[in-house]
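Worksheet: the structure to be examined is printed underneath.
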Protein chains: 2
Amino acid sequence: MGRPREFDNDDVLTALQDVFWEHGYEGASYADIMKATGLKKGSLYAAFGDKRSLYLHALAKYDKGNVSDGVAMLRNEGLTGSERISALMQSLVDAAETKRGRWGCLLCNAAVDQAPFDAPTEKVVQASLQRMRDAIAVALKDTKAADKSELIWTAYFGGRVIIKSGGTKTVLKAIQGQTLALL
Amino acid sequence: MGRPREFDNDDVLTALQDVFWEHGYEGASYADIMKATGLKKGSLYAAFGDKRSLYLHALAKYDKGNVSDGVAMLRNEGLTGSERISALMQSLVDAAETKRGRWGCLLCNAAVDQAPFDAPTEKVVQASLQRMRDAIAVALKDTKAADKSELIWTAYFGGRVIIKSGGTKTVLKAIQGQTLALL
DNA sequence: ACATTACTTTACTATTTGGTCAATAATGTT
DNA sequence: AACATTATTGACCAAATAGTAAAGTAATGT
């Protein structure tokens, strides 16, 4: 009963994820958010709450989408551990040349500009980073680099930041090569 | 001729560096900046220009201070290459427990929240990152890990981001150990 | 002592910010 | 057809934002 929603919830969540991903929390104004989602302020408040809540919804969407996809790949038993880490590092190289990839990693962006000032943000960022860490450890389990899990984990996210700084595909390929040489 | 400055230029630059380091570009309001520097808006404009200029001055100060100190250590021929990389990784672990260290790395912070939107910022961030990259390569030159320079470089800055996300000393120590095991 | 110079301060402005609210519109139910 | 319920909209608000300009003040050389 009542008037039905005119928007697709998942589309809006993706739009929220993207606008915060590209612009950061403070960098995304309501003008940006309204344009990205196609919704007016009032609707956003009614559906998701205040700006901070919008941001947390965006982070949750990222975790359920991008992070979960990565984790699933890293835990895919249809591939060898080396193949999985190779795929991870290839995705890093590719990120240097895709639109979203050049926005960096939403987790890293959130870690830098919001985690220190907002405990809920810090908590969800840490949880997503931990999921990646665990998944990388699983993928490395039967490789020569089983004892280098945190190093590879850190290098992966470091690479995402390098991309955001404007890093070229060349340097990313160096990181990729040196990482895969550990396997 | 004329009245001389009443403030110590270097103190103000350090204060600017710190306030942007802790809060980011948009996160640092003039209220914050005035409090940190002890100067009023008018003086700041007269001495350094608009907010963007203040930020670039802060980045320049960081490069001349923190970055140059790191580079000098990595190029210190009084130490072996291994000793220098060990010192670098120890500084990473220490950063997890100091006030400034928990603010992350100003270069990474700038890469995330300003580099994509401001070409001058991107340029200076890239230059500083490159200086670190070159210095790490020099330090590794005579070690077993001479061919892993970009990996260690990326892992170092990745570690700085992990710290900003709230990473504990424990995980930083793992990164440190796994990196030093390459030498 | 004085004129010059330049720094400091205060008050002000135009814009943008996140957020609210009452009016309107679209549905299912009675 | 009338109603209750929920969604959408656009006007509105107070606070904060970066930036400016004029007036005041202090240090210098002559």
Side-chain angles (χ1 to χ4, degrees), chain A residues 1-59 109-110 113-121, chain B residues 1-59 109-110 113-121:
Chain A
M1 43 175 162
R3 182 175 173 175
R5 291 239 164 109
E6 289 183 3
F7 58 87
D8 180 82
N9 205 276
D10 209 59
D11 288 349
V12 170
L13 288 177
T14 300
L16 284 176
Q17 167 195 274
D18 286 357
V19 73
F20 284 120
W21 191 353
E22 182 175 9
H23 295 104
Y25 179 75
E26 307 194 86
S29 69
Y30 264 97
D32 297 322
I33 297 169
M34 286 162 57
K35 188 178 167 191
T37 58
L39 298 183
K40 312 288 173 161
K41 255 185 278 195
S43 301
L44 289 165
Y45 273 91
F48 304 102
D50 66 6
K51 193 182 178 187
R52 188 113 254 150
S53 292
L54 296 183
Y55 190 65
L56 292 171
H57 275 96
L59 290 178
N109 300 354
D113 73 4
Q114 286 304 310
F117 309 110
D118 186 62
T121 297
Chain B
M1 43 173 172
R3 178 180 173 178
R5 287 243 164 103
E6 286 185 2
F7 57 85
D8 182 80
N9 205 275
D10 210 59
D11 287 349
V12 171
L13 288 176
T14 300
L16 284 175
Q17 167 196 273
D18 287 356
V19 72
F20 285 120
W21 191 353
E22 181 174 9
H23 295 105
Y25 179 74
E26 308 195 85
S29 70
Y30 265 97
D32 296 324
I33 298 169
M34 285 161 57
K35 189 178 168 192
T37 59
L39 298 181
K40 311 288 169 153
K41 254 188 274 197
S43 301
L44 289 165
Y45 272 92
F48 303 103
D50 65 6
K51 193 182 177 186
R52 187 114 256 148
S53 293
L54 296 183
Y55 190 64
L56 291 171
H57 275 95
L59 291 177
N109 299 354
D113 74 2
Q114 286 305 308
F117 310 110
D118 186 62
T121 297

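In what follows, chains are A, B, ... by sequence order, proteins preceding strands, each numbered from 1.
One interatomic measurement links the two molecules: CG of Leu39(A) to P of dT8(D), which rounds to 7 Å at whole-angstrom precision. For Lys40(B) and dG19(D), the NZ to C1' distance is 17 Å, given to the nearest whole Å. Put simply, CG on Asp8(A) is 15 Å from P on dA7(D), counting in whole angstrom units. The nearest whole Å value for the distance from the CZ atom in Phe48(B) to the P atom in dC7(C) is 11 Å. Between the CG atom of Leu44(B) and the P atom of dG19(D) there is a distance of 11 Å, rounded to whole Å. Going from atom CZ of Phe7(A) over to atom P of dA25(C) covers 20 Å, rounded to whole Å.
Listed by chain and number, the residues in a salt bridge (Lys or Arg N to Asp or Glu O under 4.0 Å) with Asp11(A) amount to none (sequence neighbours excluded).
Here the side chains of Phe48(B) and Leu13(B) are in contact, with some heavy-atom distance below 4.5 Å. A heavy-atom distance below 4.5 Å is found between the side chains of Leu44(A) and Met34(A). For the pair Phe20(B)/Asn109(B), no side-chain contact is recorded, criterion being any heavy-atom separation below 4.5 Å from C-beta on.
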Anything under 3.5 Å between a protein N or O and an N or O of nucleotides 15-19 of chain C, put it in a table, one pair a line.
residue : atom : partner  : partner atom : Å
dG18(C) : OP1  : Lys51(A) : NZ           : 2.6
dG18(C) : OP2  : Tyr30(A) : N            : 3.0
dG19(C) : OP2  : Tyr30(A) : OH           : 3.4
dG19(C) : OP2  : Tyr45(A) : OH           : 2.5
dG19(C) : OP2  : Lys51(A) : N            : 3.1
dG19(C) : O5'  : Tyr45(A) : OH           : 2.7
dG19(C) : N7   : Lys41(A) : NZ           : 3.3
dG19(C) : O6   : Lys41(A) : NZ           : 2.5

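Within the structure, every pair that satisfies the salt bridge (charged side-chain N to carboxylate O under 4.0 Å, His left out) test and touches residues 30-56 of chain A, not counting sequence neighbours, is listed here: Arg52(A)-Asp118(A).
One finds a side-chain N or O of Ser43(B) lying less than 4.0 angstrom from the OP1 or OP2 phosphate oxygen of dT8(C).
Considering every non-hydrogen atom in both Ala36(B) and Ala15(B), the closest pair reads O-CB, 3.4 Å.
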